[in-house]
Amino acid sequence: QRRAWQTGFFVLFLLAPALNLFRFDLTETQLYLLGMKWHLGIDALMKGQATPVQTALSLILKGLLPAVAFIAAGLTIAWKYGRLYCGWLCPHFSVVEQLNQLLHRACGKFSVWDRSPTPRAGVQPSARWWPLFGLSCVLMGFTWAITLLTYVLPPRLVWAQLLHGSLPYKQALFLGVASAVLSTEFALARHLFCRFGCAVGLFQSLAWMANPRGLVVAFSRERARECKSCGVESSAGGSACDNRCPMRLHPRNIKRMMFSCVQCGQCL
């Protein structure tokens, strides 16, 4: 179910600008939401078609209240379930997990900063996976850069100019720089970004920490002795649940040490 949610949301992330489901067009200074132009009433006021009172009500009803409701709903879900968005929807984390697997096949590690390989049953590292890992980082970096560009410029125009090699200088510069930065982030710092650099994840974790009854992975300490023989992976170092966590956490730890848990359930 989690893979299906991740895949669906990733496709939605890519197609949302083209379908006008959500984007802000800088050329029109216009917000598109669910296929419609979202007006706050300021243009009508400037044209004399609305009174200040009508405009103020429009700003509150169409701007302030939806934003507050959206944030409140997100924090409520995070308060109860933690980083549910990160583990089940976030397109960035979906890419992180796939790159983890490719890097592990290449060198036995889930991050280039790991000091030693992470053993996993049935996986034998092979250098032939390195080119695929590098190519995937570059392709994902470019995909994210071009998608972000279509969130602020007309998607059809951006893709047409790209295919014809006629992108304006500023757009080409953004695409080049963003692709390079994102490719580097995917290759070297994807876990660090998820754990410490993502504001969405940070606020979810803070809300979750504030709830003593929030959803958390529990550990039966009375069965701790069984961890010494939890499988073939433990004989090569570490334990199965530690080796499985995509965020490089130790799931048997106390809650405050699991601050960036994304509720993926792989340790279970």
Side-chain angles (χ1 to χ4, degrees), residues 1-19 21-23 34 70-71 73-106 109-111 118 120 122-123 129 132-148 150-151 155 178-179 182-183 185-205 207-208 214-217 240-249 251 258-268:
Q1 289 181 359
R2 193 173 74 91
R3 293 301 184 199
W5 278 100
Q6 285 181 312
T7 301
F9 199 81
F10 190 83
V11 172
L12 180 64
F13 165 72
L14 297 178
L15 296 181
L19 300 177
L21 295 178
F22 179 77
R23 70 182 183 90
L34 300 178
F70 180 79
I71 294 173
L75 290 178
T76 300
I77 294 173
W79 186 76
K80 294 182 65 176
Y81 303 110
R83 288 195 182 198
L84 200 63
Y85 168 78
C86 295
W88 285 68
L89 295 178
C90 178
H92 180 274
F93 189 71
S94 301
V95 175
V96 168
E97 287 194 273
Q98 299 309 312
L99 292 177
N100 281 354
Q101 303 307 316
L102 290 176
L103 182 62
H104 190 260
R105 289 185 176 275
K109 301 178 181 180
F110 290 103
S111 169
T118 301
R120 183 173 288 183
V123 178
W129 289 93
L132 183 57
F133 171 73
L135 180 61
S136 297
C137 291
V138 173
L139 287 177
M140 283 296 102
F142 174 78
T143 299
W144 269 72
I146 190 68
T147 302
L148 292 177
T150 60
Y151 270 88
S179 297
L182 288 165
S183 298
E185 187 265 341
F186 280 133
L188 303 177
R190 57 189 182 278
H191 298 107
L192 295 175
F193 175 80
C194 285
R195 294 178 70 171
F196 308 113
C198 177
V200 176
L202 177 63
F203 281 107
Q204 287 180 96
S205 290
W208 180 57
L215 180 68
V216 66
V217 173
C241 58
D242 291 338
N243 295 343
R244 180 60 62 175
C245 180
M247 288 293 280
R248 322 307 302 127
L249 303 175
M258 295 290 290
F259 183 80
S260 53
C261 174
V262 295
Q263 308 291 12
C264 66
Q266 291 192 51
C267 57
L268 301 180

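In what follows, residues are counted from 1 in the order of the sequence shown.
- Nearest approach of M258 to L249, heavy atoms of both residues: SD-CB, 4.0 Å.
- The structure places SG of C264 at 11.0 Å from CG of L84, a figure rounded to the nearest 0.5 Å.
- Counting only heavy atoms from C-beta outward, the side chains of Q266 and C245 never approach each other to under 4.5 Å.
- Atoms CD1 and CG, from I77 and L215 in turn, are 13.0 Å apart once rounded to the nearest 0.5 Å.
- Interatomic distance, H191 NE2 to F93 CZ, rounded to the nearest 0.5 Å: 7.5 Å.
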Candidate pair K109 and H104, rule side chain to side chain contact (heavy atoms under 4.5 Å, CB included), full reasoning: CA-CA 5 Å; K109 301 178 181 180; H104 190 260; 5.8 Å; no

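- Taking both residues in full, the closest heavy atoms of P91 and F10 are given as CB-CD1, 3.5 Å, listed atom of the first, atom of the second, then distance.
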Between S260 and R83, does the side-chain hydrogen bond (donor to acceptor under 3.5 Å, both in side chains) criterion hold? Intermediate values first, please. CA-CA 7 Å; S260 53; R83 288 195 182 198; 5.4 Å; no

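- Environment of CZ in F142: crowded, with over 12 heavy atoms of neighbouring residues, nucleotides or ligands closer than 6.0 Å.
- Listed by first then second residue, pairs satisfying side chain to side chain donor-acceptor pair (under 3.5 Å) with a partner in residues 132-147 number zero, not counting sequence neighbours.
- For the pair C267 and P251, the tightest heavy-atom approach, listed with the atom from each and the gap, is CB-CG, 3.6 Å.
- Here the CG-OG1 distance, from L89 to T7, works out to 11.0 Å after rounding to the nearest 0.5 Å.
- Proximity of F22 to Y151: side-chain heavy atoms (C-beta onward) are separated by under 4.5 Å at one or more points.
- Side-chain N or O atoms of Q6 include none that pairs as donor or acceptor with a backbone N or O of C90 at under 3.5 Å.
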Step by step, would you call V216 with Q263 a side chain to side chain contact (heavy atoms under 4.5 Å, CB included)? CA-CA 8 Å; V216 66; Q263 308 291 12; 5.6 Å; no

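- Using a 4.5 Å heavy-atom cutoff, the side chains of L103 and F110 are not in contact.
- Side chains of T150 and R23: a donor-acceptor N/O pair is absent below 3.5 angstrom, by distance only.
- For the pair Q1 and W88, the minimum side-chain heavy-atom distance is below 4.5 Å.
- One finds the CZ atom of F259 at 10.5 Å from the CD atom of Q204 (value rounded to the nearest 0.5 Å).
- Of the possible polar contacts, none joining the W208 side chain to the C261 backbone as a donor-acceptor pair under 3.5 Å is found.
- R248 meets the salt bridge (charged side-chain N to carboxylate O under 4.0 Å, His left out) test with D114; sequence neighbours excluded.
- A pairwise comparison of heavy atoms in A178 and A145 identifies CB-CB, 3.7 Å as the closest pair.
- With sequence neighbours excluded, the residues that form a side chain to side chain contact (heavy atoms under 4.5 Å, CB included) with F193 are H92, E185, C198.
- With rounding to the nearest 0.5 angstrom, the CG atom of L99 is 5.5 Å from the CZ atom of F133.
- Electrostatic pairing of E97 and R2 counts as a salt bridge here, judged by a charged N lying under 4.0 Å from a carboxylate O.
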